[in-house]
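In what follows, a single structure is set out as C-alpha cells and then discussed.
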Amino acid sequence: MQLPTGAEQRESSAAVLRRAVELGVPLIDTAYLYGGGANEELVAAALHPYGETLVTTKVGVSGSGQLSDWRLDGRPESLRRQVDGCLRRLRVERIALLQLHRIDPEVPLADQVGTLAELVTEGKAERLGLSEVSVDELAAARSITGIASVQNRYNLIDRTHEPVLRACEEAGILFMPWRPLAHDGGAVAEVAAEVGATPAQVALAWLLARSPVVLPIPGTASLAHLAENVAAESVRLSPEQVARL
C-alpha cells in the first residue's frame, strides 16, 4: 500500500519489491483498493512470474480516486468483476490467496463468502482470507468454506483483536497483523536499547513471539526500512522483555 505507483517512483518501488523477495520475504500483500489496481500492476511488473513468492490481494470495495471516494462493495456480481480484474492485473489464472477486504454490512456475509468459495471451486482462487473480522464473523465464514488467513489491525498498542488471534491459533489460520510497527516508546525503547535493535524491530519481534501463526505485513517504500524490518526476524526477546512489553 505504501509503494508509490507514479511514473517517477515506479522503478524505485519495483526495486523494493524485488529486494524483498531476494531477502526471503515469503508474502507480498496488495489489494484492488491500492490505487484502483495500480499497486497490483506494479507487483506484476516487478515480480511476475512469482515463483515461490505468495502474492495475495484483496477485493470487496469499489470506487476511484482518493480513498475517501471508495466504499464497501460485497455484492456477488461486484466481487466477481473485481476478481477478474485482479487476475488480469496480476497476470495469473488463479490468485494464491484471495482476501475479502472488509465485510460489507449491506450484503449478507453468506453471499460474500459464498461467492468467494465459488471462485475457489472455479479455479480462480486457491485459498481465501478475511480482513478486519470478529471471532463470530470468522466462525460464520468458516461454516461456509475454509479460511486460510485473517488480516486484522494488531500491534503493541492496539490488541483489540487478541481474541481473533487466539481463534486463528486454535484453528491453524494465518494471522497477518497490519500496522504492525505502532508503539508508544517507553518500554519499547528500553528493550530496543537492551537488545541492540530499533524500536520498529522490537515491535515486529514482539509480534513474532506472540504466536506461531503470526506473519506481520509491514509496508515500506524504502530499501533501508525494508532491510531493517526483515532483520527483526533475528531479534530475540527474553520472556521478561516480552512480559514488560
Side-chain angles (χ1 to χ4, degrees), residues 1-6 9-61 67 82-102 116 119-120 124-132 147-155 168 173-181 200-201 203-204 207-208 213-234:
M1 182 176 182
Q2 294 186 22
L3 288 174
T5 56
Q9 306 105 332
R10 193 174 180 83
E11 184 50 42
S12 62
S13 294
V16 170
L17 286 165
R18 288 191 289 264
R19 183 57 179 158
V21 172
E22 291 172 0
L23 291 173
V25 170
L27 181 146
I28 302 295
D29 178 70
T30 183
Y32 171 47
L33 175 66
Y34 306 162
N39 196 269
E40 293 172 320
E41 292 173 344
L42 171 67
V43 170
L47 300 180
H48 187 273
Y50 304 112
E52 296 182 358
T53 304
L54 185 81
V55 174
T56 173
T57 193
K58 299 184 285 293
V59 295
V61 294
L67 288 179
Q82 292 171 46
V83 169
D84 285 342
C86 294
L87 290 167
R88 183 180 66 255
R89 290 186 294 271
L90 290 173
R91 307 179 195 174
V92 294
E93 294 183 356
R94 182 171 62 177
I95 296 168
L97 175 60
L98 175 63
Q99 302 174 83
L100 185 62
H101 210 137
R102 295 289 189 277
L116 298 184
L119 291 168
V120 171
K124 292 187 175 182
E126 183 174 353
R127 310 174 189 87
L128 299 179
L130 303 171
S131 182
E132 285 301 287
I147 300 298
S149 67
V150 168
Q151 185 177 137
N152 281 14
R153 186 171 63 187
Y154 182 84
N155 51 55
C168 288
I173 294 171
L174 183 68
F175 186 84
M176 295 188 286
W178 61 273
R179 198 171 291 169
L181 301 182
Q201 288 174 327
L204 290 172
L207 283 169
L208 291 170
V213 302
V214 166
L215 179 65
I217 48 172
T220 182
S222 162
L223 287 170
H225 286 162
L226 169 65
E228 177 184 343
N229 290 340
V230 172
E233 191 172 16
S234 64

- So do the side chains of Y34 and D29 get within less than 4.5 Å of each other, counting heavy atoms only? yes
- Closest approach of Y50 and L90, non-hydrogen atoms and distance? OH-O, 2.7 Å
- Just by modelled atom types, is the P4 backbone N or O under 3.5 Å from a matching donor or acceptor in the S13 side chain? yes
- Taking every heavy atom of V61 against every heavy atom of L33, the minimum-distance pair comes out as CG2-CB, 3.9 Å
- Item | Within-4.5 Å side-chain heavy-atom neighbours: L87 and I95 | yes
- Can you tell me which residue pairs pass the side chain to side chain donor-acceptor pair (under 3.5 Å) test with a partner in residues 16-25, sequence neighbours excluded? E11-R18, R19-E22
- Message: What I'd like to find out is whether the side chain of Y32 reaches to under 4.5 Å of the side chain of R89, using heavy atoms alone.
- Response: yes
- Message: Can you give me the closest heavy-atom contact between A20 and L226, atom names plus distance?
- Response: N-CD2, 3.5 Å
- Item | Contact check, side chains of P26 and L54, non-hydrogen atoms, under 4.5 Å | no
- Query: Is there a donor-acceptor pair closer than 3.5 Å between any side-chain N or O of R127 and the backbone N or O of A96?
  - Reply: yes
- Query: Does the side chain of T56 come within less than 4.5 Å of Q151's, by heavy atoms?
  - Reply: no
- Item | Minimum-distance pair of heavy atoms, taken over all atoms of I147 and I173 | O-CG1, 3.5 Å
- Should L128 and L119 be marked as a side-chain contact (heavy atoms from CB on, under 4.5 Å) after you check the CA-CA gap, both sets of side-chain angles, and the distance that decides it? CA-CA 10 Å; L128 299 179; L119 291 168; over 6 Å; no
- Query: What heavy-atom pair brings V214 and L208 nearest, and what distance separates the two atoms?
  - Reply: O-CD2, 4.0 Å
- Task: Starting from the C-alpha separation in whole Å, work towards a yes-or-no answer on side-chain contact (heavy atoms from CB on, under 4.5 Å) for L181 and L204.
- Result: CA-CA 7 Å; L181 301 182; L204 290 172; 3.5 Å; yes
- Message: Test of understanding: with side chain to side chain donor-acceptor pair (under 3.5 Å), list the residues that count as partners of E41, not counting sequence neighbours.
- Response: none
- Heavy-atom pair with the smallest gap, counting every atom of L3 and A221: CD2-CA, 3.8 Å
- Task: Verify, without hydrogens or angle tests, whether Q82 (side chain) and G60 (backbone) share a donor-acceptor contact under 3.5 angstrom.
- Result: yes
- Message: Check this for me: E233, atom CD, are more than 12 non-hydrogen atoms of other residues, nucleotides or ligands nearer than 6.0 Å?
- Response: no
- Message: Nearest 0.5 Å, please: how far is CD in E126 from CZ in R94?
- Response: 4.5 Å
